[in-house]
Structure formats: structure tokens, C-alpha cells
Visitor: 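Handing you this structure, nothing more for now.
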Amino acid sequence: MPKPALEQAIIDALEPRAAERGIDVVDVEVVGASKAPCVRVRIDHADEEAPTISLDEVTQETEWISETLDELDPIPSSFTLEVSSPGMSRPLRKARDFERFAGQTVSASLVPGEGRRRFTGTLLGIEGGIVALECDGERVELSLDDIRKCTIKPDFGDAAKGGRAKKN
């Protein structure tokens with residue numbers, strides 16, 4: 001998945017220190033006005049068996065992330081740093097993410113080009129750099145290099161309808 005050069009530079013600076021701490025850099029985004037942008041860093045435990053990172057753990061990890069960005073100095077002006085868990089709409093960036101979350105409903109958008117650019121469906125997995133989705137009963141194959149953004153679409157089930165699961 002192609003990332004803008006600034007975001008990729010930040011990821012490259014953070015990942016070695018994250019690995020030392022057992023942390024996975026899920027995603028980095030730079031958003032907002034160029035005069036005062038916001039750098040969003042989403043982190044989680046590198047151990048896929050561990051529960052999602054807690055707010056207290058995110059707070060503990062923020063210090064080294066801030067220090068790393070100060071050393072890198074990626075943005076000439078001031079910026080706001082936001083560090084958070086990946087949340088329910090977790091971004092998928094790495095090939096292993098597409099393996100790990102197979103079976104989940106995802107929303108993917110492609111880099112500009114010809115044809116359809118947005119897909120929503122069940123993630124089937126990845127093989128040889130090709131991400132497979134099932135969209136409306138059809139298999140769709142997308143090159144990982146062509147995916148601009150892919151996120152898990154949370155399923156709230158009965159909770160979204162205001163109901164509770166029925167007991168038998």
C-alpha cells in the first residue's frame with residue numbers, strides 16, 4: 001500500500017523503537033492544514049494474542065513516540081500529535097493485517113485510476129500481494145500496491161438496531 005513520503009518516513013522512524021517495546025505501529029496519518037497539521041499514530045500490541053491496547057498503555061507509549069518525532073523533525077512547523085488504539089475501524093496496512101483479519105467486513109479504496117475505486121465486502125485474505133474480497137457474491141482481487149486505504153467495518157449487529165440478543 002503506497003503511503004505519502006512524510007507518513008512513510010514517520011512509520012520508518014517509529015517501527016524499530018516500537019518493535020523493541022512490543023508495539024505495532026498500525027498506521028500513521030498526517031491530516032489538517034499545512035501550517036499546523038495533526039500527526040495521528042495508531043498503535044497496538046505486537047502480540048496478536050494480546051487484547052487491544054488500553055488507554056493507559058497508549059499514554060505510556062506516547063512519550064517515546066513524541067521523542068522519536070522530535071528527533072526526526074518531519075514537519076518544519078508545529079504540529080499536534082495524537083496517539084491512539086486502532087479502534088473498531090482498524091486500518092489494514094501490512095500484508096499480515098490482511099491475513100490476520102480474513103473473514104472481517106472491510107472497506108477498501110484504491111489509488112486513482114480507471115474503473116471502480118471503492119469496495120466493501122468480506123476479506124478473504126492475501127496471496128502474492130493480491131488481496132481477495134467477496135463483494136456482492138463475487139470474488140474481487142486487488143493488488144496491495146493499488147490499495148490507498150482499507151479499514152475494518154465494525155458490525156454492531158443487534159446493538160445497532162437497539163435490541164439485545166434474545167435468550168432461549
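When reading the values below, keep in mind they use all heavy atoms of this one structure, side chains included, and skip hydrogens, waters and symmetry mates.
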Visitor: If we ignore hydrogens and angles and just use 3.5 Å, is the side chain of Thr122 paired with the main-chain N or O of Gly103 as donor and acceptor?
Guide: no
Visitor: Taking atom CD of Gln104 and atom CZ of Phe98, what is their separation to the nearest 0.5 Å?
Guide: 13.0 Å
Visitor: Any salt bridge (Lys or Arg N to Asp or Glu O under 4.0 Å) pairs touching residues 5-14, not counting sequence neighbours?
Guide: Lys3-Glu7
Visitor: Should Leu133 and Leu124 count as side-chain neighbours, where that means a heavy-atom distance under 4.5 Å?
Guide: no
Visitor: Keeping to residues at least two apart or across chains, list the side-chain hydrogen bond (donor to acceptor under 3.5 Å, both in side chains) pairs with something in residues 126-137.
Guide: none
Visitor: Could you list the cluster mates of Val25? Members are the ILVMFWY residues connected by side-chain heavy atoms closer than 4.5 Å, either directly or through other members.
Guide: Leu6, Ile10, Ile11, Leu14, Ile23, Val28, Val30, Val39, Val41, Ile43, Ile53, Val58, Trp64, Ile65, Leu69, Leu72, Ile75, Phe79, Leu81, Val83
Visitor: Going only through I, L, V, M, F, W and Y residues with side-chain contacts under 4.5 Å, is there a path from Val131 to Phe101?
Guide: yes
Visitor: Test your reading of the model: is there a side-chain donor-acceptor pair from Thr59 to the backbone of Leu55, 3.5 Å cut-off?
Guide: yes
Visitor: Consider only side-chain N and O atoms of Ser54 and Glu57, and report whether a donor and an acceptor are under 3.5 Å apart.
Guide: yes
Visitor: Apply side-chain contact (heavy atoms from CB on, under 4.5 Å) to Leu92 and Leu123, showing your working.
Guide: CA-CA 11 Å; Leu92 306 181; Leu123 176 61; 3.9 Å; yes
Visitor: Looking only at heavy atoms, which two atoms of Ala108 and Leu142 are closest? And how far apart?
Guide: CB-CD1, 4.4 Å
Visitor: How far apart are the closest heavy atoms of Lys153 and Thr120, and which atoms are they?
Guide: CD-CG2, 3.5 Å
Visitor: Under the side chain to side chain donor-acceptor pair (under 3.5 Å) test, which residues partner Arg118, sequence neighbours left out?
Guide: none
Visitor: Determine the minimum heavy-atom distance between Pro37 and Ser78, stating which atoms define it.
Guide: CD-O, 3.6 Å
Visitor: Tell me, do Glu29 and Asp27 make a side-chain contact under 4.5 Å, heavy atoms counted?
Guide: yes
Visitor: Report yes if the side chains of Pro91 and Cys150 come closer than 4.5 Å at any heavy-atom pair, otherwise no.
Guide: no
Visitor: Nearest 0.5 Å please: distance from the CG atom of Leu110 over to the CG atom of Asp145.
Guide: 11.5 Å
Visitor: Consider only side-chain N and O atoms of Arg42 and Ser84, and report whether a donor and an acceptor are under 3.5 Å apart.
Guide: no
Visitor: Could you tell me if Ser109 and Arg117 have a donor-acceptor pair between their side chains, going purely by distance under 3.5 Å?
Guide: no
Visitor: For residues 82-107, which residue pairs qualify under salt bridge (Lys or Arg N to Asp or Glu O under 4.0 Å), counting only residues two or more places apart or in two chains?
Guide: Glu15-Arg93, Glu15-Lys94, Asp24-Arg90, Asp24-Lys94, Asp24-Arg96, Arg40-Glu82, Asp44-Arg90, Glu48-Arg96
Visitor: Quick one, Ile152 and Thr105 - any side-chain contact, counting heavy atoms below 4.5 Å?
Guide: no
Visitor: What residues, two or more places apart in sequence or in another chain, satisfy side chain to side chain donor-acceptor pair (under 3.5 Å) together with Glu141?
Guide: Arg139
